[in-house]
Amino acid sequence: GEAVENDSNPDPLKYVNRVRESAKVKLEATKLFNGEVPEDDQFIFTLKETGQGVPVQSVKNTGSKVEFKELNFDKTGVYTYTISEVKGTDSKVYYDPAVYEVTVTVTKATDSFEAEVEYSLNGETTDSAVFNNKTIKPVESVITSIVDIIGRDLVTGEFEMTLEGT
């Protein structure tokens, strides 16, 4: 707008523009492997906007820490995301299939926006997102069979058995 001075008002006209600082949020998770701290860069995690198939971010773990890049919010509202682990290819590892929902509620304060973060798993509020992978141990079995021939004696080596399956 245009300011017009009025001779009857000795104070000059002032315009005040306020710029609100955006709310900054850094979403995190914890990674464990067999209950221990895993090696760096061993597992991959994605952050997605709820309802969107494309990840907003993908990161690798640093020890037990999973840290996504900072998100900035400059509008009030409720924003929802999911955090999940990308299933790896090692058949000897059970990859945690958990999908955490993260709700970021942004409100307006005097000079800034403020954000509150809530984590939940299967509709239950949690303190944080924790993923725990485990080594799959091979199953050892002993299979015993008995061959009983009626009417004659068994000759050693006469029968061969093959166990098939998946």
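Just the heavy atoms: all of them, side chains too, but no hydrogens, waters or symmetry mates, feed the values below.
Using a 4.5 Å cut-off between side-chain heavy atoms of Ile, Leu, Val, Met, Phe, Trp and Tyr, with links allowed through other members, Ile44 and Phe33 fall into different hydrophobic clusters. Both Leu121 and Val104 are part of a single hydrophobic cluster, where members link through side-chain heavy atoms under 4.5 Å apart.
Listed here is the closest heavy atom pair of Pro55 and Lys48: CA-CG, 3.7 Å. Nearest approach of Asp127 to Tyr119, heavy atoms of both residues: O-CD1, 4.0 Å. Smallest separation of non-hydrogen atoms from Ile136 and Ser91: CD1-O, 3.7 Å. Between Glu85 and Tyr95, the shortest heavy-atom distance links the atoms OE2-CD2, 3.7 Å. Across every non-hydrogen atom of Asn61 and Gly63, the tightest pair is ND2-O, 2.9 Å. Considering every non-hydrogen atom in both Val37 and Ser64, the closest pair reads CG1-N, 3.5 Å.
Taken from NZ in Lys60 to CD in Gln42, the straight-line distance is 11.0 Å, to the nearest 0.5 Å. With rounding to the nearest 0.5 angstrom, the CG atom of Asp74 is 6.0 Å from the OG atom of Ser22. Rounding to the nearest 0.5 Å gives a distance of 7.0 Å between NZ of Lys26 and CD of Glu70. The CG atom of Leu47 sits 6.0 Å away from atom CG of Leu71, with the distance rounded to the nearest 0.5 Å.
Under the side chain to side chain contact (heavy atoms under 4.5 Å, CB included) rule, Tyr100 has a single partner from Asn122, Leu27, Val130, which is Val130.
Hydrophobic cluster membership of Ile150, counting Ile, Leu, Val, Met, Phe, Trp and Tyr whose side-chain heavy atoms lie under 4.5 Å apart directly or via other members: none, as it forms a cluster of its own.
Thr135 places no side-chain N or O within 3.5 Å of a backbone atom of Lys137 that could act as its donor or acceptor partner. When atom types are taken as modelled, the side chain of Thr82 and the backbone of Thr50 share no donor-acceptor pair closer than 3.5 angstrom.
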Begin with the C-alpha distance, continue with both residues' side-chain angles, and end with the deciding distance and a verdict on side chain to side chain donor-acceptor pair (under 3.5 Å) for Thr46 and Ser84. CA-CA 6 Å; Thr46 59; Ser84 59; 3.3 Å; yes

Hey, mind stepping through Thr62 and Asp40 against side chain to side chain donor-acceptor pair (under 3.5 Å) and telling me if it holds? CA-CA 5 Å; Thr62 302; Asp40 289 356; 5.2 Å; no

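Looking at heavy atoms from C-beta onward, Phe113 lies out of side-chain contact with Thr107 at the 4.5 angstrom threshold. For the pair Thr103 and Val78, the minimum side-chain heavy-atom distance is below 4.5 Å. Within the 4.5 Å cutoff, the side chain of Asn133 has no heavy atoms near those of the Asn34 side chain.
Within 6.0 Å of CD on Glu21 lie no more than 12 heavy atoms contributed by other residues, nucleotides or ligands. Annotation: Lys24, atom NZ; neighbour count of heavy atoms from other residues, nucleotides and ligands within 6.0 Å is above 12. More than 12 heavy atoms of other shown residues, nucleotides or ligands fall within 6.0 angstrom of atom CD in Gln57. The local environment of CD in Glu36 is sparse, with at most 12 non-hydrogen atoms from other residues, nucleotides or ligands closer than 6.0 Å.
Between the side chains of Ser120 and Thr125, not a single donor N or O lies within less than 3.5 Å of an accepting N or O.
A cation-pi arrangement is present between Lys31 and Phe43 under the rule of less than 6.0 angstrom and at most 45 degrees off the ring axis.
Here ring-ring contact (aromatic ring centres under 6.0 Å, His included) pairs that include residues 44-67, with residues two or more places apart or in two chains, are Phe45-Phe131.
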